[in-house]
Every structure is written in C-alpha cells, then in structure tokens.
Amino acid sequence: MKRIFIDEAKCDGCKNCVLACMQAHRKDGGSIYDLDLTNPENESRNHIVMKGNGHYAPIFCRHCDQPECVMSCMSGALVKDEESGHVYYDEEKCGSCFMCVMNCPYGVLKADTTTKTKVIKCDFCFDHDSEPSCVKACPTKAIYVKEVE
C-alpha cells in the first residue's frame with residue numbers, strides 16, 4: 001500500500017502542497033490563477049503548521065494502520081480499505097458528530113468551515129492522478145509517496 005510521508009527537515013513552508021490540494025478539489029474547475037483562497041468551498045485537506053522550534057510541519061492524513069477516526073465513526077462514513085490501506089470518507093453517511101475529528105491523533109481531520117456538517121480529510125487524490133497533487137507540487141520533496149507493507 002502507498003502512504004504519504006513527510007521529511008520535516010526539507011519543508012520550507014512554501015504551502016505549494018496546500019494550494020495544489022485546493023486546486024485539485026475545487027468544484028468550478030478553473031485554473032490555479034483564479035483560485036479564490038478565501039472561498040470556504042476551496043478548503044485544503046492538508047495544512048502547514050509552524051512548530052515551536054521555528055520549523056514547518058506539513059500535516060496530512062496518514063491513513064493509519066489502526067485508524068482511530070474509523071474506530072470512532074458511529075455512522076460508518078469513514079472506512080478503511082484493507083487492500084489499499086486508505087481511509088475513505090463518505091459524506092452522505094456522515095452524521096456530523098465529529099468524533100473522528102476529536103480522535104485523530106495527528107489533528108488532521110477538521111469540520112468544513114462553511115456548513116460544519118462534513119469532515120475535511122485528505123483523500124490521497126483517489127480520483128485524480130496516480131500521485132497526490134500535494135506530492136507533485138512540493139519543490140523540496142519534503143512530501144513523498146512510499147510503498148509500505
């Protein structure tokens with residue numbers, strides 16, 4: 001199975017990964033040049049934080065081996081695919097209890113800022129190219145995909 005890995009030492013905080021994620025998931029299909037960064041419909045599924053030591057840390061869904069978000073999801077909206085190892089989110093099944101948000105040990109999941117009715121979660125660009133948009137956009141290769149067992 002493939003997972004996204006992070007080399008924090010290489011991250012310079014450029015946020016190319018965040019913009020690429022926003023562009024990949026925008027609903028109007030426009031170009032990156034007219035991407036409205038203030039539009040809550042264009043939320044990124046990843047983010048960059050600055051740690052106490054002044055270094056940047058990209059935050060992504062890690063599609064955990066034992067995903068606490070899946071274990072705490074009472075509606076069945078989050079499901080781990082055993083073959084690929086990816087955690088899928090079904091917005092239609094979500095009960096908006098946000099137990100998954102509270103139980104994510106990495107602080108990755110969040111409620112959408114518009115309606116507060118769905119979870120914003122990295123989807124590994126399942127329905128896009130073979131490589132996630134954020135990985136392709138990282139100029140320092142701080143974010144990369146690796147095959148794990």
Side-chain angles (χ1 to χ4, degrees), residues 1-65 67-70 72-73 77-81 84-94 96-148:
M1 82 183 81
K2 292 182 179 181
R3 291 227 175 108
I4 295 176
F5 285 84
I6 301 161
D7 183 348
E8 288 181 14
K10 291 183 178 180
C11 182
D12 64 6
C14 71
K15 296 193 179 182
N16 282 1
C17 58
V18 174
L19 291 172
C21 181
M22 293 171 81
Q23 176 65 22
H25 293 90
R26 69 188 290 187
K27 295 178 177 48
D28 65 9
S31 83
I32 189 77
Y33 301 108
D34 64 0
L35 178 63
D36 181 357
L37 302 178
T38 64
N39 182 347
E41 289 293 316
N42 295 333
E43 288 190 74
S44 175
R45 283 141 175 80
N46 58 26
H47 54 282
I48 307 291
V49 297
M50 183 177 275
K51 296 170 67 173
N53 60 5
H55 292 109
Y56 295 99
I59 309 293
F60 294 85
C61 179
R62 298 174 185 229
H63 299 275
C64 304
D65 288 330
E68 296 197 27
C69 61
V70 172
S72 64
C73 181
L78 286 168
V79 177
K80 180 176 179 172
D81 178 59
S84 70
H86 297 141
V87 176
Y88 293 98
Y89 171 66
D90 183 346
E91 186 179 324
E92 299 297 316
K93 289 183 179 179
C94 185
S96 304
C97 69
F98 301 115
M99 290 300 293
C100 58
V101 173
M102 291 183 272
N103 285 299
C104 176
Y106 300 103
V108 175
L109 305 179
K110 62 182 180 178
D112 71 292
T113 57
T114 310
T115 63
K116 304 277 191 236
T117 60
K118 63 182 177 182
V119 173
I120 302 297
K121 180 202 163 306
C122 171
D123 63 0
F124 210 88
C125 291
F126 295 124
D127 57 354
H128 298 288
D129 292 330
S130 59
E131 188 174 52
S133 301
C134 57
V135 173
K136 282 194 262 184
C138 183
T140 63
K141 304 299 180 208
I143 308 159
Y144 57 96
V145 173
K146 183 175 163 184
E147 190 76 32
V148 295

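Each residue takes its place number in the sequence, starting with 1. The analysis underlying the following values was restricted to heavy atoms, covering all of them including side chains, and did not include hydrogens, waters or symmetry mates.
- M99 has its side chain out of reach of C73: every pair of non-hydrogen atoms, C-beta onward, lies at least 4.5 Å apart.
- Within a 6.0 Å radius of CD in E147, more than 12 heavy atoms belonging to other residues, nucleotides or ligands are found.
- When all heavy atoms are compared, the tightest approach of A20 to S133 is CB-O, 3.6 Å.
- Looking only at side-chain heavy atoms (C-beta outward), V108 and F60 stay at 4.5 Å or farther from each other.
- Here SG of C134 is found 14.0 Å from CE of M22. Values are rounded to the nearest 0.5 Å.
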Take L37 and L19, measure what side chain to side chain contact (heavy atoms under 4.5 Å, CB included) needs, and give me the verdict at the end. CA-CA 8 Å; L37 302 178; L19 291 172; 3.4 Å; yes
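- Note that CG of N42 and NZ of K27 are 8.0 Å apart. Values are rounded to the nearest 0.5 Å.
- With hydrogens and angles disregarded, no donor-acceptor distance shorter than 3.5 Å links the side chain of N103 to the backbone of E68.
- Counting non-hydrogen atoms of neighbouring residues, nucleotides and ligands closer than 6.0 angstrom, the NZ atom of K15 reaches no more than 12 such neighbours.
- The side-chain heavy atoms of I48 and V18, taken from C-beta on, include a pair separated by under 4.5 Å.
- Side-chain N or O atoms of K80 include one that pairs as donor or acceptor with a backbone N or O of C64 at under 3.5 Å.
- Across all their heavy atoms, V87 and C69 have their closest contact at CG1-SG, 4.1 Å.
- V119 and C100 make their closest contact through CG2-SG, 3.6 Å (heavy atoms, listed as atom of the first residue, atom of the second, distance).
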Can I get a per-line list of side-chain donor-acceptor pairs under 3.5 Å for residues 109-116, giving both atom names and the distance, sequence neighbours left out?
from : atom 1 : to   : atom 2 : distance (Å)
K110 : NZ     : S44  : O      : 3.4
D112 : OD1    : T115 : OG1    : 3.4
D112 : OD1    : K116 : N      : 3.1
D112 : OD1    : T117 : N      : 2.9
D112 : OD1    : K118 : N      : 2.9
D112 : OD2    : T114 : N      : 3.4
D112 : OD2    : T115 : N      : 2.7
D112 : OD2    : T115 : OG1    : 2.8
D112 : OD2    : K116 : N      : 3.3
T113 : OG1    : E43  : OE2    : 3.3
T115 : OG1    : T117 : N      : 3.4
T115 : OG1    : T117 : OG1    : 2.6

Criterion side chain to side chain contact (heavy atoms under 4.5 Å, CB included) on N46 and C122, from CA distance to verdict: CA-CA 6 Å; N46 58 26; C122 171; 5.8 Å; no
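- The closest side-chain heavy-atom distance from P132 to V145 is below 4.5 Å.
- Atom-to-atom distance recorded for C125:SG and I4:CD1 is 7.5 Å, nearest 0.5 angstrom.
- The backbone N or O of Y144 sits nowhere less than 3.5 Å from a side-chain atom of E131 that would complete a donor-acceptor pair.
- Within the model, atoms CD1 of I120 and SG of C61 stand 13.0 Å from one another, a figure rounded to the nearest 0.5 Å.
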Under the side chain to side chain contact (heavy atoms under 4.5 Å, CB included) rule, what do K121 and L78 come out as? Steps first, then yes or no, please. CA-CA 10 Å; K121 180 202 163 306; L78 286 168; 3.8 Å; yes
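- From H63, atom NE2 reaches atom NZ of K2 across 13.0 Å, with rounding to the nearest 0.5 Å.
- Minimum interatomic distance between I59 and G107 (heavy atoms only, all atoms of both residues): CG2-O, 4.4 Å.
- The distance from atom CD1 of I32 to atom CD of Q23, rounded to the nearest 0.5 Å, is 4.5 Å.
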Working note: H25 + D123, criterion side chain to side chain contact (heavy atoms under 4.5 Å, CB included); need CA distance, chi angles, decisive distance, verdict. CA-CA 10 Å; H25 293 90; D123 63 0; 2.9 Å; yes
